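Because the structure is a prediction, the values reported are computed rather than measured. Every heavy atom of this structure was used, including side-chain atoms; hydrogens, water molecules and symmetry mates were not.
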Amino acid sequence: MERAKEKTARKTGGEAGGKAAATDVGRGRRKGGNEGAGPASVFLEKDPAICLVYHVKDAQGRYLTDEQAVRALQSSAVPADTMIARKAAGLRVCADGDSWINILWPLSALAGYAPTFFDILEGRYYAQNVAYPGDTFEQMRHKKDYRQLVKSASFDFFIFSGGGNDILGGGALTELLRPRTSGTSSNPSSFLRLDILDRKVRSLEDGYSEIARDVAIQSAPKRTRMLVHGYDVPKPVVNGPWLGQPFTRRGFNLSQDGALIEGILTHLVDRLYDMLDRIERAHDNITVVRLKNVVQGRWNDELHPKKAASQDLAQKFVTVMEPSV
């Protein structure tokens with residue numbers, strides 16, 4: 001993957017939910033022809049409080065800056081066939097987002113992580129991104145790292161991925177869930193604090209509108225098209241830090257309440273799509289890419305797809321960017 005900018009350091013407490021990825025990453029050449037840094041091992045640690053967010057540590061347990069992790073990721077060269085495919089496609093794509101865009105693959109492959117849909121797209125198009133698996137929606141909204149890419153007015157599409165960590169898991173889901181004894185099974189939304197959900201969705205809508213306006217201004221005169229997406233309905237796992245534990249803490253049984261839990265998560269996913277539909281109607285530079293019912297159970301963990309699912313997700317974007325395909 002290519003990255004455009006050095007980012008800042010990020011630290012966290014807690015070790016729960018971590019999935020370690022250790023690999024030697026110093027043997028290739030960095031993209032652009034510069035020699036890579038020496039060998040390094042890194043570990044991905046899930047943040048149990050914020051879904052889709054990871055923290056990166058070295059073999060000594062020290063937290064790495066975003067730039068250090070990205071430098072390690074850049075240590076392998078781009079295969080020649082990938083460069084040929086990019087040239088043939090002709091389109092230029094950039095992105096910002098969370099771990100649905102960048103999960104530090106292939107660095108994270110040894111821990112069992114699969115490539116994201118954007119990793120798949122990088123094999124087809126000239127692509128750059130400033131996404132990082134430790135970024136929350138508010139951080140992306142505040143920092144606007146994507147500006148350095150879209151203001152070049154050279155990209156046809158800008159993919160933005162964000163909002164899942166505000167409603168779909170971790171501490172946000174714990175805050176939204178009511179106790180199992182409080183609702184009616186025939187009405188999944190009765191198990192949610194709808195007042196809090198409404199507030200979170202309004203905040204996301206304000207943020208998306210702000211970014212859409214900014215992209216339109218920054219990318220002029222090209223008017224780079226902004227592609228946004230919702231999620232598929234995820235599936236909790238026992239002791240999973242982002243879904244399983246929040247539901248368990250609220251008294252749900254992951255097996256016996258499976259259909260109810262699916263209904264609750266479907267409601268949350270649909271609320272996010274409803275918000276994105278309003279954004280699409282309000283801004284003529286926005287297109288919503290619909291990813292619901294694409295993963296079809298092919299989850300690598302609670303919220304990240306397996307490779308085959310990522311390929312199908314990527315195809316949804318290809319269909320939008322190349323309608324004739």
Side-chain angles (χ1 to χ4, degrees), residues 1-5 7 31-32 70 73-74 76-106 114-133 135 140 143-164 208 211-212 214-231 276 279-280 283-291 294 304-305 307 309-325:
M1 291 183 185
E2 299 176 53
R3 301 293 183 274
K5 183 180 180 183
K7 295 191 172 189
K31 295 179 182 181
V70 168
L73 186 64
Q74 290 175 325
S76 58
V78 180
D81 57 349
T82 297
M83 296 303 294
I84 293 172
R86 288 177 175 178
K87 184 176 181 180
L91 293 177
R92 296 169 62 90
V93 184
C94 63
D96 195 2
D98 50 31
S99 57
W100 260 54
I101 295 284
N102 173 21
I103 201 166
L104 297 180
W105 190 89
T116 68
F117 74 82
F118 195 79
D119 290 321
I120 304 299
L121 293 177
E122 283 184 323
R124 185 182 185 96
Y125 306 113
Y126 175 83
Q128 287 188 306
N129 81 81
V130 289
Y132 192 74
D135 283 348
M140 291 182 278
K143 292 187 296 183
K144 293 181 171 61
D145 286 336
Y146 60 81
R147 279 181 169 176
Q148 60 191 299
L149 297 173
V150 299
K151 74 180 181 182
S152 70
S154 65
F155 287 94
D156 301 288
F157 295 97
F158 166 57
I159 299 174
F160 182 78
S161 177
Y208 267 92
I211 293 170
D214 191 55
V215 168
I217 294 170
Q218 297 292 328
S219 65
K222 187 176 182 67
R223 294 279 291 179
T224 297
R225 186 142 203 89
M226 182 173 169
L227 305 183
V228 299
H229 68 85
Y231 299 88
L276 292 175
I279 295 295
E280 185 179 43
H283 300 275
D284 62 5
N285 64 326
I286 290 280
T287 297
V288 177
V289 181
R290 300 186 177 279
L291 304 181
V294 175
H304 294 97
K307 182 177 180 179
S310 291
Q311 290 170 329
D312 289 344
L313 295 171
Q315 187 58 43
K316 290 289 186 179
F317 286 87
V318 171
T319 300
V320 170
M321 294 187 287
E322 300 181 69
S324 61
V325 174

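Cation-pi geometry between Arg92 and Phe155 is satisfied (NZ or CZ under 6.0 Å from the ring centre, within 45° of the ring normal).
Of all non-hydrogen atoms in Ala131 and Asp98, the two that sit nearest each other are CB-O, 4.2 Å. Considering every non-hydrogen atom in both Ala153 and Pro221, the closest pair reads CB-CD, 4.5 Å. The heavy-atom pair separating Val289 from Lys316 by the smallest distance is CG1-CB, 3.9 Å.
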**OP:** Please step through salt bridge (charged side-chain N to carboxylate O under 4.0 Å, His left out) for the pair Lys222 and Asp156, ending with a clear verdict.
**Re:** CA-CA 8 Å; Lys222 187 176 182 67; Asp156 301 288; 3.4 Å; yes
**OP:** Give the intermediate values and the outcome of side-chain contact (heavy atoms from CB on, under 4.5 Å) for residues Tyr126 and Val93.
**Re:** CA-CA 6 Å; Tyr126 175 83; Val93 184; over 6 Å; no
Original post:
Passes side-chain contact (heavy atoms from CB on, under 4.5 Å), Ile279 versus Val228? Steps please.
Top reply: CA-CA 10 Å; Ile279 295 295; Val228 299; 5.7 Å; no
Original post:
Stepwise, does the side-chain contact (heavy atoms from CB on, under 4.5 Å) test hold for Thr287 with Met226?
Top reply: CA-CA 6 Å; Thr287 297; Met226 182 173 169; over 6 Å; no
Original post:
Can you list the steps and then say if Tyr208 with His283 is a ring pair (Phe, Tyr, Trp, His ring centres under 6.0 Å)?
Top reply: CA-CA 10 Å; Tyr208 267 92; His283 300 275; 9.9 Å; no
Subject >> ring pair (Phe, Tyr, Trp, His ring centres under 6.0 Å) between Phe118 and Trp100, intermediate numbers included >> reply: CA-CA 8 Å; Phe118 195 79; Trp100 260 54; over 10 Å; no
**OP:** Verify side-chain contact (heavy atoms from CB on, under 4.5 Å) between Asn102 and Thr116, making sure each step is shown before the conclusion.
**Re:** CA-CA 7 Å; Asn102 173 21; Thr116 68; over 6 Å; no
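Between the side chain of Asn129 and the backbone N or O of Cys94 there is no donor-acceptor pair closer than 3.5 Å. Side-chain N or O atoms of Ser161 include none that pairs as donor or acceptor with a backbone N or O of Gly97 at under 3.5 Å. Within the 3.5 Å criterion, the main-chain N or O of Phe158 finds no donor-acceptor partner in the side chain of Thr224. In this structure, the side chain of Asn285 engages the main chain of Ala212 through a donor-acceptor pair within 3.5 Å.
Here Arg147 pairs with Asp214 in a salt bridge; the nearest charged N to carboxylate O distance falls below 4.0 Å. Using a cut-off of 4.0 Å between Lys/Arg side-chain N and Asp/Glu carboxylate O, Arg223 and Asp284 are scored as salt-bridged.
Taking CZ from Arg225 and CE from Met321, the interatomic distance works out to 12.5 Å, rounded to the nearest 0.5 Å. Rounding to the nearest 0.5 Å places CZ of Arg290 at 15.0 Å from OH of Tyr231. Separation of atoms CZ (Phe160) and CG (Asp96) is listed at 6.0 Å; rounding is to 0.5 Å. One distance of note links CG of Leu276 with CD1 of Ile286; it measures 8.5 Å at 0.5 Å rounding. Rounded to the nearest 0.5 angstrom, His229 NE2 and Ile101 CD1 are separated by 5.5 Å. For the atom pair CD1 of Ile120 and NZ of Lys307, the computed distance is 6.0 Å after rounding to the nearest 0.5 Å.
Here the side chains of Asp145 and Met140 are not in contact, with every heavy-atom distance at 4.5 Å or above. Annotation: side chain of Ser99 is in contact with side chain of His304 (closest heavy-atom distance under 4.5 Å).
Of the N and O atoms on the side chains of Tyr125 and Glu322, at least one donor lies less than 3.5 Å from an acceptor on the other residue.
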